[in-house]
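Notes for the one structure printed next.
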Amino acid sequence: MRTAMGWRTGSRDRAAVPALATAVFLAAFAPGGPAAGVAAAQDRDFEPVTDAMLADPDPADWLHWRRTLDGWGYSPLDQIDRGNVHQLGLVWSWTMTTGLAQPTPIVHDGIMFLPGPLNVVQALDAVTGDLIWEYRKRFERSPDDSFRARTRSIAIYDDKVFLNTNDAHIVALDARTGDVVWDHVVADNRLGYRYTSGPIVVSGKIVAGMTGCERYKDGTCFISAHDPQTGAELWRTSTIAQPGEPGGDTWGDLPATFRAGGDAWIPGSYDPGTNLTYWSTSQAKPWARLSRGTDGDALYTNSVLALDPETGAIDWYYQFVPGETHDLDDVFESVLIDHRGRQSLFKMGKLGILWELDRETGAFIAAHDLGYQTLVDVDPETGETTYRPEMIPKPGEELEFCPDFQGIRNWRASAYHPATGMLYIPIHPTCVKGTFRPVAREPHPTGDLYYYGNPRWTGWQSAGRLPHPKSPDHDGHLVAMDIESGEVRWRHSMRLRSRAAALTTAGGLVVTADGDRYLYILDVATGGELFRTRMPSPVQGFPITYAVGGRQYLAIPVGGGRVPGAPNAMYVFALPEPRPR
């Protein structure tokens with residue numbers, strides 16, 4: 001197990017770091033203040049991150065959005081376990097910047113790299129929480145807080161931290177200092193393009209999924225690869241099939257300008273065995289077929305795309321619900337699991353259906369429905385999905401359906417545990433009623449709030465959210481789902497839904513939370529509650545665990561930016577240190 005970085009502070013001792021860090025933090029807010037700040041003039045060792053490290057991370061590190069490129073959200077650390085987790089105590093905390101926060105920290109060699117709202121990145125000592133450096137993005141245009149404020153994840157490779165920005169740039173930061181190494185403009189933010197999640201590192205390339213494609217414009221959403229040394233674009237794959245191209249006829253005769261959607265706003269996965277990277281796309285927009293004027297499949301929306309990392313070519317694709325028409329897509333994490341001699345890809349989207357595909361060929365294997373959705377039927381042999389006729393929207397007719405647009409689940413990622421063979425999935429069953437209608441084919445105003453809050457652009461007029469009849473008393477659950485049978489082995493039910501991703505560990509633990517500010521740590525086998533504490537704000541984002549100097553830590557992000565009086569912060573827990581004898 002790697003130890004913490006070697007600190008050589010010269011004339012400054014470490015007690016001076018917090019005061020100087022505060023000065024840098026305040027300077028970053030000042031007009032004309034620095035975009036990056038170094039907390040102290042410290043020399044320290046830094047071990048560059050290699051492809052081999054990303055393929056097989058040190059158990060002490062958390063190097064990727066879900067720790068590993070297979071999307072498991074699982075840590076092999078086991079110092080904190082069923083027998084001692086009740087002894088956890090807070091060892092440090094850090095207040096983050098304000099705004100909509102859904103962060104995943106990365107930890108390498110004793111340093112935590114923390115993404116915050118509005119593209120602030122901070123490097124912290126992972127043992128003490130002391131600030132090492134901070135980068136703060138400068139925007140030419142005022143970001144729209146409804147979407148562009150969030151930064152769910154970042155990536156690390158070689159000696160650089162990679163940030164996808166809210167105005168459609170990719171920025172490489174020196175991991176030692178926070179200085180900008182390069183800043184590459186990927187797309188025109190004035191057209192609505194933006195990033196809300198970070199890139200991943202695949203075969204030495206920085207691969208990122210673009211979002212911001214709800215508006216009509218010339219151009220589509222896409223997935224692109226970039227040179228980690230310069231940011232230069234290596235390839236770009238459109239997520240919308242164009243007229244005259246393969247799949248283009250699935251949009252009918254709709255001109256390219258009016259083919260919207262296909263955002264790739266959740267990071268992908270990578271399998272070195274197949275040498276394919278798997279990215280998922282969101283629904284077509286506007287959401288309903290009658291609103292956008294299509295009756296075909298609308299490729300490549302609501303699909304998983306298996307891409308060649310060298311060229312970006314689509315090796316195979318699988319569309320979960322062709323011609324999706326209720327804003328209920330399957331864009332979330334792809335979890336790559338080998339079991340029973342199969343190389344599988346597992347995916348659950350908003351409908352609460354766990355799909356299993358062959359990740360080498362894209363062939364359908366299985367679909368397991370949690371039983372909350374009321375919209376589609378899936379053939380268990382072929383995977384063919386068809387809408388129930390009464391659930392296809394008709395202009396001006398009120399329709400009630402389950403789930404609502406937030407889905408049975410959303411961006412809060414599942415986690416896999418190899419010892420139990422179960423996926424642990426935060427869900428929140430609800431229903432909705434309202435009316436769909438056609439929309440005008442005209443340019444939309446800039447600003448996401450203007451788009452999503454106006455039926456003129458979305459084609460949807462809500463008549464209200466409804467509790468789900470199968471879950472009237474609980475707005476949220478964590479379900480433990482057997483990947484082979486689809487059976488729910490146990491569930492942890494909560495009055496308010498979770499805003500946090502799941503985390504599993506070799507200590508037999510699964511971490512979850514609820515909107516009542518409770519953090520729960522449960523037994524992965526039984527769901528039994530082993531630890532509970534109430535946080536200052538609801539847990540929101542992606543909990544992780546890491547180790548430094550042989551001590552395991554649990555990092556919990558809280559806040560979210562939308563709860564009055566609930567600041568964004570990172571809270572880090574550990575077991576008590578042994579007393580010297």
Side-chain angles (χ1 to χ4, degrees), residues 49 51 54 63-66 69 71 102-104 106 113 115 118-119 121 135 137 143 147-158 160-173 175 180-189 191-213 219-240 261-270 276-282 300 303-314 331-334 411 413 542:
V49 175
D51 291 292
L54 291 171
L63 293 182
H64 175 61
W65 171 59
R66 300 304 290 147
L69 287 163
Q102 300 169 352
T104 315
I106 280 177
F113 301 94
L118 295 174
N119 298 151
V121 179
Y135 167 82
K137 168 70 176 175
F147 281 91
R148 283 189 281 263
R150 68 193 74 186
T151 307
R152 293 188 187 89
S153 60
I154 51 180
I156 188 169
Y157 183 60
D158 192 21
K160 302 174 186 67
V161 172
F162 298 92
L163 168 71
N164 288 352
T165 72
N166 303 145
D167 57 357
H169 295 215
I170 301 178
V171 179
L173 305 174
V180 176
V181 180
W182 52 257
D183 184 335
H184 179 76
V185 181
V186 182
D188 189 348
N189 177 240
L191 298 176
Y193 289 113
R194 60 185 180 268
Y195 287 116
T196 55
S197 292
I200 66 172
V201 181
V202 176
S203 296
K205 300 173 184 64
I206 307 305
V207 184
M210 185 60 70
T211 189
C213 292
T220 68
C221 265
F222 55 88
I223 299 154
S224 60
H226 300 264
D227 185 317
Q229 301 306 318
T230 66
E233 188 169 300
L234 303 174
W235 53 256
R236 177 180 294 203
T237 301
S238 173
T239 58
I240 299 292
D263 311 67
W265 56 276
I266 290 293
S269 300
Y270 173 63
L276 294 172
T277 182
Y278 305 93
W279 289 78
S280 295
T281 62
S282 68
Y300 295 97
S303 301
V304 60
L305 309 179
L307 305 179
D308 182 328
E310 300 305 316
T311 66
I314 300 175
V331 74
F332 310 121
E333 72 283 352
S334 294
W411 58 262
F542 299 81

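- With rounding to the nearest 0.5 angstrom, the NE2 atom of H64 is 4.5 Å from the CG atom of L69.
- For the atom pair CG (D227) and CD1 (I170), the distance works out to 11.5 Å, reported to the nearest 0.5 Å.
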Would you please test V180 and Y135 for side-chain contact (heavy atoms from CB on, under 4.5 Å) and show each step? CA-CA 8 Å; V180 176; Y135 167 82; 3.6 Å; yes
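- K137 places none of its side-chain heavy atoms less than 4.5 Å from the side chain of L118.
- Scanning both residues, I154 and P115, for their nearest heavy atoms gives CG2-CB, 3.8 Å.
- Taking the six-membered ring for Trp, W279 and F222 have ring centres at least 6.0 Å apart.
- To the nearest 0.5 Å, the span separating CD1 on I206 from CD on Q229 amounts to 9.0 Å.
- By the 4.5 Å heavy-atom criterion applied to side chains, Y270 and S203 are counted as neighbours.
- For the atom pair OH (Y195) and CG (L163), the distance works out to 10.5 Å, reported to the nearest 0.5 Å.
- The closest side-chain heavy-atom distance from H226 to V186 is below 4.5 Å.
- Remark: the backbone N or O of P267 is not paired with any side-chain donor or acceptor of S197 at under 3.5 angstrom.
- Relative orientation of the W265 and F332 rings is perpendicular, given thresholds of 30° and 60° on the angle between their planes.
- Put simply, the side chain of D308 does not reach to within 4.5 Å of the side chain of W235, judged on heavy atoms.
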Does the pair Q102 and T196 meet the rule for a side-chain contact (heavy atoms from CB on, under 4.5 Å), with working shown? CA-CA 10 Å; Q102 300 169 352; T196 55; over 6 Å; no
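- In this structure, CG on D51 lies 9.0 Å from NZ on K205, to the nearest 0.5 angstrom.
- Looking only at side-chain heavy atoms (C-beta outward), C213 and Y193 come within less than 4.5 Å of each other.
- Counting heavy atoms from C-beta on, the side chains of L173 and V171 come closer than 4.5 Å.
- Nearest heavy atom pair, residue A208 against residue P199, reads CB-CB, 4.1 Å.
- For the pair I106 and A155, the tightest heavy-atom approach, listed with the atom from each and the gap, is CD1-CA, 3.8 Å.
- Smallest separation of non-hydrogen atoms from K160 and A172: CD-CB, 4.1 Å.
- At least one side-chain heavy atom of T237 sits less than 4.5 Å from a side-chain heavy atom of I314.
- Under a 3.5 Å cut-off, the side chain of T211 and the backbone N or O of R194 do not form any donor-acceptor pair.
- The line from CD1 of I223 to CG of D263 is 11.0 Å long, rounded to the nearest 0.5 Å.
- Between the side chain of N189 and the backbone N or O of A168, no donor-acceptor pair lies under 3.5 Å.
- Side-chain contact between P228 and D158: absent, with no pair of heavy atoms (C-beta onward) separated by less than 4.5 Å.
- Judged purely by atom type and a 3.5 angstrom limit, T281 uses its side chain to pair as donor or acceptor with the backbone of Y300.
- Residues S334 and V304 share a closest heavy-atom pair of OG-CG2, 4.0 Å.
- For the side-chain contact (heavy atoms from CB on, under 4.5 Å) criterion with V207, the lone passing option out of V202, L307, V201, L234 is V202.
- In this structure, S282 contributes its side chain and V331 its backbone to no donor-acceptor pair below 3.5 Å.
- Judged by distance alone, the side chain of T239 and the main-chain N or O of C221 form a donor-acceptor pair under 3.5 Å.
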